[in-house]
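Note sheet for the following structure.
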Protein chains: 2
Amino acid sequence: MVSIPAELPAYLDQNADRFLSELKDLLRIPSVSTLPAHRPDMERAHAFLAEQMRAMGMENIQRLLPKERPQGEPLLYADWLHAPGAPTLLFYGHYDVQPPDPLSEWLTPPFEPTVRDGNLYARGASDDKGQVFAQVKAVQAWMQTSGRLPVNVKFLLEGEEEVGGEGVELYVRQHHDALACDCAVVSDTAFFAPGLPSLDVGLRGMVYAEIEVQGPSRDLHSGMYGGVAPNPFEALARIIVGLKSVEGKILIPGFYDHVQPPNAAELEAWKRLPFDENAYREQELGSAALTGEQQYSVLERTWARPTLEVHGMPGGFTGPGSKTVIPAHASAKISMRLVPDQRP
Amino acid sequence: MVSIPAELPAYLDQNADRFLSELKDLLRIPSVSTLPAHRPDMERAHAFLAEQMRAMGMENIQRLLPKERPQGEPLLYADWLHAPGAPTLLFYGHYDVQPPDPLSEWLTPPFEPTVRDGNLYARGASDDKGQVFAQVKAVQAWMQTSGRLPVNVKFLLEGEEEVGGEGVELYVRQHHDALACDCAVVSDTAFFAPGLPSLDVGLRGMVYAEIEVQGPSRDLHSGMYGGVAPNPFEALARIIVGLKSVEGKILIPGFYDHVQPPNAAELEAWKRLPFDENAYREQELGSAALTGEQQYSVLERTWARPTLEVHGMPGGFTGPGSKTVIPAHASAKISMRLVPDQRP
């Protein structure tokens, strides 16, 4: 049993303003991983966090780039491993952010952190710099007030979470020994409800696919060839309708073969959560109706059931106005969220 | 009965090189109506043709812009109406062209007319400057060799055919008296087969629509909301499949109510055309199969049957790579080709 150091609460209170000020400094760095113009900002955010690690006494601080992706954004690794026999915690987080567009939707500038109604607004404040910083400062405060940590700690922070995370995937695959831990703490998630801290114990996995359909060998004029030329969008529509019933059942043979229901404890815990289906539908989704497998609850459908969604259908003419081409090809971007034991 | 002026064939022979040279001058003008940078070229092409009209003795030459579209491309009108009692022919054509992209596909520059294997290659050579110029020179040669024309002639040339033709539609609606004629000659079509001059006696009409589907009120993360949020692409797929059977029958109630079959003379004429279904499928469409209503011939399907096609499905994520949004809305661009007596 680990006790919280006696001085820790006071230390956190006394340093809250400084912590907030430092977090704002991090949030001011526009580390947008998808935009090449922000590469220097990516390095600044990396360096900022590396300096935090150094100052708090973490060791073995490394700027890592898998050699297969020299053009990628660097990982930041650091550890403190002086609690023999105690468990090892791996903190994962990311220092990159999504592009802030459309700028006109922001009430205050995305990279000028602003407090409104007790909340801190900035791009990355909740995804994921805020969470990363809370972990960093929690470890730092414990270290500062007790001189050591009660567990072994490893940090692995990445800069490509918003652009696919290929670097971290490669690195984990190649260096799983160095990253060995008893528990990985991932705080790139959300509270279930305001004021209700949440423990996410699992996330659905994913398969992403693009279904490409070839129609004629070149784009054709629908006035001249309409009626005989195969239309790839029509084929895609039939494929999509064939993948999922109107009741939300995925029709791929064998898709549900290994899907496990949540256990009784999970179902029981979910029932205790504050959840109003109508409020969720209206405020979270802004939708006239909920879709999907009605025989499962909304939480079960979004947490424990596999799904299939269409995200976009590139091809043909998508600009404003009209163009009457029968496109040579079109495709559908489709993903499936997977649950344990599914074998895609 | 009108006889061809005795000097006409020799005149055409003697002037063929000059005609070709002048046509090349017209083809060198990059009158791309959709690109604002080419507005001066649009005016040059208009002025070039107006000068042709003037030089050949046409009258009442006008540069017309419907007042509702002052930003549009000008129409060119000209007439010669000194054959009382004789019919009036209205020649329609357009002097604007499509953008030449992709440039890498051109064997010779699009605006440097080049003769290869007896054909003239340039953007607009067959759509529609070549046809317009043949008409202009036919009238000019007749006028030159006989001093007058055997019929009344009106020219109406537009510069917005490739961008919707709104100006000409407005003008025709407002000035149908001035455009009254016994026969409108439209040569913005194609030969049925090489060396087989063709008379197109009708074109299918069109209704263009965009079906917009609203799902959630904002884009949602499919990992968090997949399984309950309505997906607009899924709805569109069901709508598209509901619009047309896999056999190519359009399922909109009443769609075929007033569709007339071609008459016996038309069917008979079409049977005499050189048409090889396999060659058409392979060379024209480059497709593994022909689709549509099998109980009708390919020519009937493309010339006399109404059709419905999907041209593009804007919405969601269409860039390279993956993004897992359930989009707030998506739409399908759909057109229907219509035949006489259909009431959309």
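Since we're looking at a predicted model, the values are computed, not measured. Labels below follow one simple rule: chain letters A, B, ... track the order of the sequence lines, proteins then strands, and each chain is numbered from 1.
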Between A/F275 and A/W303, is a ring pair (Phe, Tyr, Trp, His ring centres under 6.0 Å) present by the stated rule, with each step listed? CA-CA 14 Å; A/F275 183 76; A/W303 291 355; 8.4 Å; no
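- If you measure heavy-atom distances from A/P230 to chain B, the contacts under 4.5 Å come from both the backbone and the side chain.
- Contacts of A/E284 with chain B are made by both backbone and side-chain atoms, with heavy-atom separations under 4.5 Å.
- Counting heavy-atom pairs closer than 4.5 Å to chain A, the top-ranked of the candidates B/G316, B/G292, B/A229 is B/A229.
- Inspection of non-hydrogen atoms places A/K333, A/S335, A/R337 of residues 330-340 of chain A under 4.5 Å from chain B.
- Evaluation of the salt bridge (Lys or Arg N to Asp or Glu O under 4.0 Å) test over residues 292-303 of chain B, restricted to residues two or more places apart or in two chains, returns B/E293-B/R305.
- Interface remark: A/V246 contributes backbone and side-chain atoms alike to the contact with chain B (heavy atom separation under 4.5 Å).
- In terms of non-hydrogen atom pairs under 4.5 Å with chain A, the most contact-rich of B/T302, B/L290, B/V298 is B/T302.
- In terms of the salt bridge (charged side-chain N to carboxylate O under 4.0 Å, His left out) criterion, B/E161 has no residue partners (sequence neighbours excluded).
- In this structure, chain B has a heavy atom under 4.5 Å from the side chain of A/Y280, while its backbone stays farther away.
- Residues of residues 217-224 of chain A that come closer than 4.5 Å to chain B, counting heavy atoms only, are A/S217, A/R218, A/L220, A/H221, A/S222, A/G223, A/M224, ordered by residue number.
- Ranked by heavy-atom pairs under 4.5 Å with chain A, the list B/T324, B/I240, B/I326 is led by B/T324.
- Neither the backbone nor the side chain of A/I239 comes within less than 4.5 Å of any heavy atom of chain B.
- The part of A/T307 that comes within reach of chain B is its side chain, from C-beta onward, which places non-hydrogen atoms under 4.5 angstrom from that chain.
- When heavy atoms are compared at a cutoff of 4.5 Å, A/F317 approaches chain B by way of both its backbone and its side chain.
- Ionic pairing of B/R281 and B/E277 is not present here: no N-O contact between side-chain nitrogen and carboxylate oxygen is shorter than 4.0 angstrom.
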